[in-house]
Visitor: 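Quick one: the structure is below, and I'll ask about it shortly.
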Amino acid sequence: MNAPTLNAYKAKDYRSEMDPVWCPGCGDYHVLMSLTKSLAELGTPPEDIAVISGIGCSSRIPAYTNCYGFHGVHGRSLALATGLKVARPDLTVLAMSGDGDGFSIGGNHFLHACRRNIDITYVVMDNRVYGMTKGQPSPTTEPDWDSAMSPGGTGMSPFHPLVIALASGANFVAREFSGDIKSTTRTLVEAVNHPGFSFVEILSPCVTFRPDEREWKNTVHKAPVEPTDDPARAARRIMTDDGMNTGILYRGDRRPYHMQMDEPAAEAPEHLDHMFEI
Amino acid sequence: MTQQKRPKKSVSFAIVGSGGAGALTAGSIVLEAAGQTGWYGMMNRSVGPQIRGGEAGALLRLANHPVDCMNAEFDLLIAIDWKNVERFSAEMPVRPGGTIIADPALGDVPEIVTRSGAEVKLVPIKDLAASVKGGRANMVAAGLAAQLIGLTEEALTEIVNARIGAKGEAAVANSLACARAGMQAAAELGLGNTLEIGDAYQQEQGRWLITGNEAVGLGAVRGGVRFAAGYPITPATEVLEWLAAALPEAGGTLVQAEDELASVNMILGASFGGRASITATSGPGLSLMIETLGLAVASEIPLVVVDVMRCGPSTGIATKSEQSDLNVAVNGFHGDAPHVVVAPISVADCLYTAQWSVYLAEAMQTPVILLSDQALGQSRVVMKRPANLSFVGKRKTYAGASADDRYLRYALTADGVSEMAIPGVTGGQHTADGLTHSVSGAPSSSGVDQQEQMDKRRRKIEDFDYGIHWGETFGEGKTVILTWGSLTAPAREAQRRLAEEGIAVKVVAPRLLAPFPHEGLEGALKDAERILVVEQSHAGQFRTYLRANTDLPGEARHFHRPGPNLIGAREITQQIKDWVNQ
């Protein structure tokens, strides 16, 4: 393993040669840029970073980086990242997901990853729609959004990921807008550096199935407050905001998960045998 | 194989009571004391779903020689109470001329128990317990059993001290007083030494007391497993609990997951990180894990999933054994997904097969499903000290970039196994993917990549040299009992009984179920004229699996039923006799 050398890397060192499958204008291009910039700023060698994802447009991102990656099954990126980080605490582990992957099929893992508070960073690129399957409502979609699969809308309240994260025990909660690369980069650096489970929701427009989201660049705004380490204050702010506030909204000091592995022994200890001897 | 000598004596008995009455504790103490005395034996349990108040039976077989399975009939049944006995009396029939010990205060012995013609002896178990301050009926039952089989008070005392010493001197004294009262009462029954086991082989040192689930855990750690994740499920939980305590001593750990989807993905992530990994579950959990097992096939990540089978489908009977997950383990994946399925053939073999599983998974970078079952997993046996095996998982890994080569994670190789780069290695960066991919791992929708990568993945599984470990054959004969898993032991016992009647039978049990062990199994069966396929499955999954993969020579018959009433040696013996003598 190489020791991290600060500022030795440029953003392009974290980018693979592969062309993304994303549509022109997709917010995820900007997320990829912010990610590679933040990794360069962190200065961790690419081989010591793992980017883990599930299924969906946003989950294609690992292969576009030059890090180790895992493009797994739908909804399970956090479980996979958890196993990797516990087994290999020396690695920097990011799980990267979308609103369907992370909050619908993977919703249960989200709760328990927050609770477990393992030192990983969870980035959800939220475009409030299933893009890869061509336009169905996700857990964060507005209740009256019309689609072929749910004509007239789902009628269901949108899921509030930041509140859930805070209530479930996440140690760092932030929201960013993909178009603000500078702010997103800075927040990702802080998220990776913060101990425990860091959750960053990035509003990332789907210009193909949600052309209305092109307007986001005009409606997002910086949260007019400083980050707090008081979960009650953070909860009040997040509960009452309009969903368009960006910035670091909670930075806690909850105790991270304790059962990370040491260097594994080459051979099984002999006294495991002795416990069975008569 | 060497035929075992005719056993001098083996005694089978059951202690039953309602859940919480302590029947299982009493059984464990007698088993352990028997082990200390120099005998061999095993104990299985028959319990209902309730933690308290359901039925609970300790089923024991003790002998002066190693035993692998329960007897089909019991010599002795001791009842602490008769609550819910109708639910499980069929699992522990008392032989004609056998003995039933019951408390007269419980009223008449249920007809369902006595109909075999066993002799009833009355002992005031509750009153004897009540005569001791803080006394418990289960220890009276332990004393009754100990006296009848010929255990000494000293042997019992040693185990009671070891087991409940932590509860204080008074608890130990009370327990021993109850046990003594039981022993005294048994001595007065006039049964003499009819149930005594006789000579113990005191000289055989280094024997083990272990369950199948513990043996699986130990085999995994010996094979190199250092990470586990799991979600509690009956009857597999003990594998996870054992690993949770043992792994930290080997620099490893176990994570309790939020569900089985998480546990299998956690071990996938840990294995991607370079650590040999395992989870344990039962049928419902295996069903949930299958999608990710397909991902492990496609992304070529080694892992081991232990399925301790229970009665299905759905929740079924969670506490009782069946062999009905063969189909889902072998064929449950979507797409064409070559992988490995193995099954231990005895409690002792759980250790061997688990260790081998880790070796196979790591060598081929593949998921391996180990099919154990409740009858193996929750049976506690006294057995000979197992040999140390050489199987230790070793992965073909990528050492790092040289001058101008480009690392190809899924390079096409002769044996189908490619070098796996572990995170941290410079130049080995790649994305493991469930998408069809090229040799580099780049997603692909090309027919060429699909064909090449599927060929490669099949090659590495099918061309692997599984050697002599594919299965076991015992004895010779043109009449064959073909079975698998926990039914191997009763098949072997049937073989011994048949040999006494001059009927030579060969027992064949594959340890490797997928890929199909053509060479080993077809070789073992080639001279067979009669093949009796024996399995604990209503649908006959094993027979279907055999017929889908090979043509059985000679005439084949099928003896099968679902759990929980386990197929025993007596029935298998009868099936063969009826056939041969036709």
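Lettering of chains follows the sequences in order, A, B, ..., and the numbering in each one begins at 1.
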Visitor: For each of B:Ala270, B:Pro248, B:Gly217, tally heavy-atom pairs with chain A at distances under 4.5 Å, and name the one with the top tally.
Guide: B:Ala270

Visitor: Below 4.5 Å from any heavy atom of chain A, which atoms of B:Ala229 appear? Answer side chain, backbone, both or neither.
Guide: neither

Visitor: Would you name the heavy atoms of A:Val31 and A:Ser178 that are closest together and state the gap between them?
Guide: CG2-CB, 3.9 Å

Visitor: Among B:Asp259, B:Ile267, B:Val392, who wins on heavy-atom pairs under 4.5 Å with chain A?
Guide: B:Asp259

Visitor: Check step by step if side-chain hydrogen bond (donor to acceptor under 3.5 Å, both in side chains) holds for B:His437 and B:Asp449.
Guide: CA-CA 6 Å; B:His437 42 257; B:Asp449 287 327; over 6 Å; no

Visitor: In terms of heavy-atom pairs under 4.5 Å with chain B, which of A:His71, A:Glu277, A:Met275, A:His271 leads?
Guide: A:His71

Visitor: Under 4.5 Å heavy-atom distance to chain A, tell me which part of B:Leu247 shows up: side chain, backbone, both or neither.
Guide: neither

Visitor: Can you tell me which portion of A:Ala63 sits under 4.5 Å from chain B's heavy atoms? Options are side chain, backbone, both or neither.
Guide: both

Visitor: Does any backbone or side-chain atom of B:Gln355 lie under 4.5 Å from a heavy atom of chain A? Answer side chain, backbone, both or neither.
Guide: neither

Visitor: Relative to chain B, which of A:Val51, A:Ile55, A:Asn66 shows the most heavy atom pairs under 4.5 Å?
Guide: A:Asn66

Visitor: With respect to chain A, which residue among B:Gly252, B:Gly428, B:Ala215, B:Ala442 yields the maximal number of heavy-atom pairs within a distance under 4.5 Å?
Guide: B:Gly428

Visitor: Set out, in order, the CA-CA distance, both residues' side-chain angles and the distance that settles side-chain contact (heavy atoms from CB on, under 4.5 Å) for B:Glu300 and B:Gln453, then state yes or no.
Guide: CA-CA 11 Å; B:Glu300 303 197 43; B:Gln453 290 294 315; 4.0 Å; yes

Visitor: Look at the rings of B:Trp356 and B:Phe391 and say which category their plane angle falls in: under 30° parallel, 30 to 60° tilted, over 60° perpendicular.
Guide: tilted

Visitor: Any chance the side chains of A:Ser97 and A:Asp101 put a donor and an acceptor closer than 3.5 Å?
Guide: yes

Visitor: Quick one: sort the B:Phe272 and A:Phe70 rings into parallel, tilted or perpendicular, breaks at 30° and 60°.
Guide: perpendicular

Visitor: Under 4.5 Å, counting heavy-atom pairs only, tell me which of B:Asp433, B:Leu254, B:Val264 racks up the most with chain A.
Guide: B:Asp433

Visitor: Under the salt bridge (Lys or Arg N to Asp or Glu O under 4.0 Å) rule, what do B:Arg395 and B:Glu362 come out as? Steps first, then yes or no, please.
Guide: CA-CA 5 Å; B:Arg395 214 177 276 188; B:Glu362 296 288 316; 2.7 Å; yes

Visitor: In Å, rounded to the nearest 0.5 Å, how long is the span from CD1 of A:Ile120 to CG of A:Leu84?
Guide: 9.0 Å

Visitor: A:Val21, A:Asp273, A:Leu78: which one forms the most heavy-atom pairs within less than 4.5 Å of chain B?
Guide: A:Asp273

Visitor: Could you check whether the rings of A:Tyr68 and B:His430 sit parallel, tilted or perpendicular, using 30° and 60° as the cut-offs?
Guide: perpendicular

Visitor: Which residues, numbered in order, of residues 218-225 of chain B come under 4.5 angstrom of chain A by heavy-atom distance?
Guide: B:Leu218, B:Val221, B:Arg222

Visitor: With respect to chain B, which residue among A:Cys67, A:Gly83, A:Ala50 yields the maximal number of heavy-atom pairs within a distance under 4.5 Å?
Guide: A:Gly83

Visitor: Where on B:Ala421 is there a heavy atom nearer than 4.5 Å to chain A: the side chain, the backbone, both, or neither?
Guide: both

Visitor: With a 4.5 Å cut-off on heavy-atom pairs, point out which of B:Arg226, B:Arg385, B:Glu291, B:Glu32 contacts chain A the most.
Guide: B:Arg226

Visitor: Relative to chain A, which of B:Met266, B:Arg275, B:Gln429 shows the most heavy atom pairs under 4.5 Å?
Guide: B:Gln429

Visitor: Looking at every heavy atom in both A:Glu201 and A:Pro161, which two are closest together, and how far apart are they?
Guide: OE2-CG, 3.5 Å

Visitor: What orientation do A:Phe197 and A:Phe110 show, parallel under 30°, tilted 30 to 60°, or perpendicular over 60°?
Guide: tilted

Visitor: Run through A:His109, A:Arg115, A:Arg116 and flag the one making a side chain to side chain donor-acceptor pair (under 3.5 Å) with A:His112.
Guide: A:Arg115

Visitor: Looking just at side-chain N and O atoms, do B:Asn265 and B:Thr292 make a donor-acceptor pair shorter than 3.5 Å?
Guide: yes

